[in-house]
Amino acid sequence: MKAVRLEAVGSITLREVAEPVPGPDDLLVRIEACGVCGTDRHLFHGEFPCRPPVTPGHEFSGIVEAMGHSVSGFSLGDRVTGDPNIACGRCRHCHAGRVNLCSNLNAIGIHRDGGFADYVVLPQKQAFILPADLKPTHGAFCEPLGCCLHGVDLAEIKPGSSVAILGGGVIGLLTVQLARLAGATTIILSTRQASRRALAEELGATATVDASAADVIDAISGPAGLVPGGVDVVLECAGVQETVEQSLRLARAGGTVVIVGVVPQGMKAAFEPFDLLFRELKVLGSFLNPYTHRRAAELIASGAIEIDRLISRQVPLEEAAAVIANPPAAGEVKVVVVPDRG
Ligand code: NAP
Ligand code: ZN
């Protein structure tokens, strides 16, 4: 079969490899779609630990083509989505129910071979069935949506909440939709690209702010801003110092800030401890998708999340390595790799 191989940091190529053999508890999944994520680019640049050679791709879905003898509850031909993050189940964090913090996390597409290939091996405990009539590309959004669900769960958005989301990439645009579904009545997205602001307003944002033109703090929480005094919840989805610093200032007294964006390791952000104390802010990190993949799959199967407008391009496996090795094009939200079986 064909697989995109990260041979070493800075070296990625499509080549012929042996088709993987599923173990007793595994499904062999023929990939229908696999999304390209910022993490794939970080792997390529050596900015995220992994063990090359490896096939990247952790946002995949496909069809069950074979299975090990201990598998139950799945049939050949099922469309499935895979939660790529395999927790060990036996470390302190797993025993505390914090599987995203597992000391021995073994992620498909990072530590073991992933979805930029014709086939992937998926342990049955990581697999969830999707409807047979679901658009194949939609299944690839379960993993990013699961990460956003964890952030929105931690944020405890309630009906009537006011929410600010910083960063209008796919994570921000999925989070806008989840905030709407959670009942937020004010949903403000701050991002620089006009096309993303327009899309956010179609997807449920009640207002948007051009982060490159306006003073975001004035525009949102200033006396003449959209929510004077600040919003109930801020979700930082850009992963840059500026938005992390903004996020604490945009929350109202007693408000909640959730950091979803991955700020490069070692980078610092400034905040005023007095402000944190005096306004009793709650600041939380949200990492990965603990126990949210099934709900993400349910949401996507239900059609409640707009996916098509988040897909900027579909490319065949032959183009995946070049997409990963290059920065995203302007205006691009999500590129999905769809193996061509012509
Ligand atoms: P992305 O496409 O890079 O989106 C982030 C967007 O933020 C940028 O495209 C940019 O859009 C916007 N931005 C940059 N600087 C900004 C600023 N100063 N003010 C406002 N917006 C700004 O990435 P993504 O896939 O949506 O992911 C977002 C972040 O979440 C990344 O850091 C990613 O690593 C992280 N992530 C975290 C988890 C988790 O488990 N916590 C899971 C997946 C991803 P404009 O050009 O429009 O400004
Ligand atoms: Zn563990």
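Counting starts at 1 for both ligands and their atoms, following the listed order.
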Taking the minimum heavy-atom distance to [atom], which of [options] ranks first?
| atom | options | result |
| --- | --- | --- |
| atom 10 (C) of ligand 1 | Glu242, Arg192, Arg41 | Arg192 |
| atom 43 (C) of ligand 1 | Ile171, Val36, Asn100, Thr175 | Ile171 |
| atom 25 (O) of ligand 1 | Val216, Val170, Val262 | Val170 |

For ligand 1, which is the ligand I care about here, please tell me if Arg196 has any N or O atom under 3.5 Å from one of the ligand's N or O atoms.
yes
What I want to know is whether Leu166 and ligand 1 share at least one N or O pair that is separated by under 3.5 angstrom.
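Looking only at distances, the answer is no, because the N/O contact criterion of under 3.5 Å is not met.
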Closest to atom 1 (P) of ligand 1 among protein heavy atoms sits Gly169 CA, 4.2 Å
Tabulate below the donor-acceptor pairs under 3.5 Å that side-chain atoms of residues 8-24 make, not counting sequence neighbours, or state none.
from: Arg15; atom 1: NE; to: Glu7; atom 2: OE2; distance (Å): 2.8
from: Glu16; atom 1: OE2; to: Met1; atom 2: N; distance (Å): 3.0

Applying a 4.0 Å heavy-atom criterion (strictly less than), which segment of [X] is in contact with ligand 1: side chain, backbone, both, or neither?
| X | result |
| --- | --- |
| Ser212 | neither |
| Val260 | both |
| Cys147 | side chain |

Kindly write out the residues that satisfy salt bridge (charged side-chain N to carboxylate O under 4.0 Å, His left out) with Lys158, not counting sequence neighbours, or none if the list is empty.
none
Taking only non-hydrogen atoms of Pro144, do any sit less than 4.0 angstrom from ligand 1?
no
